Amino acid sequence: MGLHYSHHKHCLTHHQSPININTRTAKYNPSLKPLKFSYDPKTAKRIVNVGHCFNVEFEDICDKSVLSEGPLDGHYRLCQFHFHWGSSDRDGSEHNIDGHLYPAELHIVHWNSKKYTSFAEAAKHPDGVAVVGVFLKLGNTNPALQSIIENLDKVKTKGKACPFTEFHLNGLLPEDLNYWTYMGSLTTKPYFECVTWIILQEAITVSSQQLEQFRRLQCTSENENPSFILENHRPVQPLDHRVVYSSCP
Ligand SMILES: NS(=O)(=O)c1c(F)cccc1F
Ligand SMILES: [Zn+2]
């Protein structure tokens, strides 16, 4: 994985993420279908502090919660979602829209359960992973985030986990499900180029106070001197010769 050979330039190119999405050069693709989210709230399992962020993990031993249609062939099984944020409300998202940064970005992570048997295996293939990105814009307190935020004090330090069941993930999706899509990578180590990115064009809201709660998470374990996850967003990467497609004109 990693380098792709593009013959016409006899060079090796990267397909890394995140990127800046130029909405004017994104290409409308009429063959893109509407996204189909089929999430079962019972598959929510736990919240884990993984050091650079927290993951809300779902049971992924069978196709109970899947993403299908959109730009995808087959169905991709939900395995976790997490957020990226900044040290202030001025930045935090990983993808940019026409150079505009949002204060945070939600990533809903799925893997191709038609072809592979685990996320780890799927992450080694270009069609292995599908991540839905949802921007968070500053606004009123988002009630759908409250049930997550009120559990963060239980996973304050790196490695801590707490049970988290019965979560309605649809509550974190905006009304309008139009999207941009492009081929890219994981935005943290090992940066595998295995992701079909699906970035929703409409943002959901988050309040400044809710973002403050994210920044109180610690990247250190409980027996170390505390330091905080103040920000965890990767800088944008070169687009090279990739095209970003849009589901609407
Ligand atoms: N941020 S991201 O969504 O690309 C991502 C994943 F999907 C999975 C693991 C690590 C990671 F960074
Ligand atoms: Zn992410």
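What's counted below: heavy atoms across the whole structure, side chains too, no hydrogens, waters or symmetry copies. First listed ligand is number 1; within each ligand, the first listed atom is number 1. This is a predicted model, so every value here is computed, not measured.
- Numbered from 1 in the order shown, with element, the atoms of ligand 1 that lie under 4.0 Å from a heavy atom of Phe119 read 8 (C).
- Aromatic pair Phe214/Phe54: ring centres closer than 6.0 Å.
- Nearest non-hydrogen protein atom to atom 6 (C) of ligand 1 is Leu186 CD2, 3.7 Å.
- If you look at His107 and ask which of its N, O or S atoms sits nearest the Zn ion (ligand 2), the answer is ND1.
- Within 6.0 Å of CG on Asp73 lie no more than 12 heavy atoms contributed by other residues, nucleotides or ligands.
- For atom 7 (F) of ligand 1, the closest non-hydrogen atom of the protein is Val109 CG2, 3.2 Å.
- Only the side chain of Trp197 comes within contact range of ligand 1, with a heavy atom under 4.0 Å; no backbone atom does.
- Against a heavy-atom cut-off of under 4.0 Å, Thr188 is close to the following atoms of ligand 1: 10 (C), 11 (C), 12 (F).
- Atom NZ of Lys45 is surrounded by more than 12 heavy atoms from other residues, nucleotides or ligands within 6.0 Å.
- Taking the six-membered ring where tryptophan is involved, the planes of Tyr39 and His110 are essentially parallel, since the angle between them stays under 30° and well short of 60°.
- With hydrogens and angles left out, the side-chain atoms of Glu121 and Ser118 include no donor and acceptor closer than 3.5 Å.
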inquiry  = Is there a salt bridge (Lys or Arg N to Asp or Glu O under 4.0 Å) between Lys160 and Asp153? Walk through the geometry before answering.
reply    = CA-CA 10 Å; Lys160 294 207 80 173; Asp153 58 326; over 6 Å; no

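- Separating the CD atom in Gln237 from the NE2 atom in His15 is a distance of 12.5 Å, to the nearest 0.5 Å.
- Ring-plane geometry between His84 and His82 is classed as perpendicular, the angle between the planes exceeding 60 degrees on a 0 to 90 degree scale with a lower cut at 30.
- Ligand 1 lies within reach of His82, whose nearest heavy atom is under 4.0 Å from it.
- For residue His82, an N/O/S atom approaches the Zn ion (ligand 2) to within less than 2.8 Å.
- Residue, atom and distance of the protein heavy atom nearest to atom 4 (O) of ligand 1 are Thr187 N, 2.9 Å.
- Taking only nitrogen or oxygen atoms, main chain and side chain alike, Gln80 does not reach within less than 3.5 Å of ligand 1.
- Between His84 and ligand 1, at least one pair of N/O atoms sits closer than 3.5 Å.
- Residue-ligand proximity: Val131 is placed with a non-hydrogen atom under 4.0 Å from ligand 1.
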